[in-house]
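What you see below is based on every heavy atom in this structure, not just the backbone, and it leaves out hydrogens, waters and symmetry mates.
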Amino acid sequence: MTAFQKLETRAIDVRKKLRDLATAGGDLDADKVQELRSELDAIETRQQALILAGEGEPDPVTSDTSEGRELRSLIDGANLGQSPGTPPPR
């Protein structure tokens, strides 16, 4: 698992905890909410830094995985058609 994926997994956990606190009813623990929001902000900042450093999630179209090859095949085989009134290519 990449550093970006680990951060994304942690962000999902933090968002879930925030949702649980919001839907639990009763008194909200403002300190806990602020702590979770701060952690989420820090995670997002680290993710942005990884993306800028070129270490974020790879582009699935350009990756050399089965998914990337399949996506490239679909894109290459896509027929965009012809606009009405446009002469066919020669």
Selection residues 39-49 - residue pairs positive for salt bridge (Lys or Arg N to Asp or Glu O under 4.0 Å), sequence neighbours left out: Arg10-Glu39, Arg15-Glu44
Any residue meeting salt bridge (charged side-chain N to carboxylate O under 4.0 Å, His left out) with Lys16, in chain and number order, not counting sequence neighbours: Asp20
Atom pair CG (Leu74) and CZ (Arg69), whose distance is rounded to the nearest 0.5 Å: 13.5 Å
ILVMFWY network linking Leu7 to Ile51, side-chain heavy atoms under 4.5 angstrom: yes
Quiz: residues 29-38 side-chain donor-acceptor pairs under 3.5 angstrom, not counting sequence neighbours:
| residue | atom | partner | partner atom | Å |
| --- | --- | --- | --- | --- |
| Asp29 | OD1 | Asp31 | N | 3.3 |
| Asp29 | OD1 | Lys32 | N | 3.4 |
| Gln34 | NE2 | Ser38 | OG | 3.2 |
| Ser38 | OG | Gln34 | O | 3.0 |

Those residues that, when tested against Thr9, pass side-chain hydrogen bond (donor to acceptor under 3.5 Å, both in side chains) (two or more places apart): none
For Glu70, side-chain hydrogen bond (donor to acceptor under 3.5 Å, both in side chains) partners two or more places apart: none
Nearest heavy atoms of Leu40 and Ala11, plus distance in Å: CD1-CB, 3.9 Å
Nearest-0.5 Å distance, OG1 of residue Thr23 to CG of residue Leu18: 10.5 Å
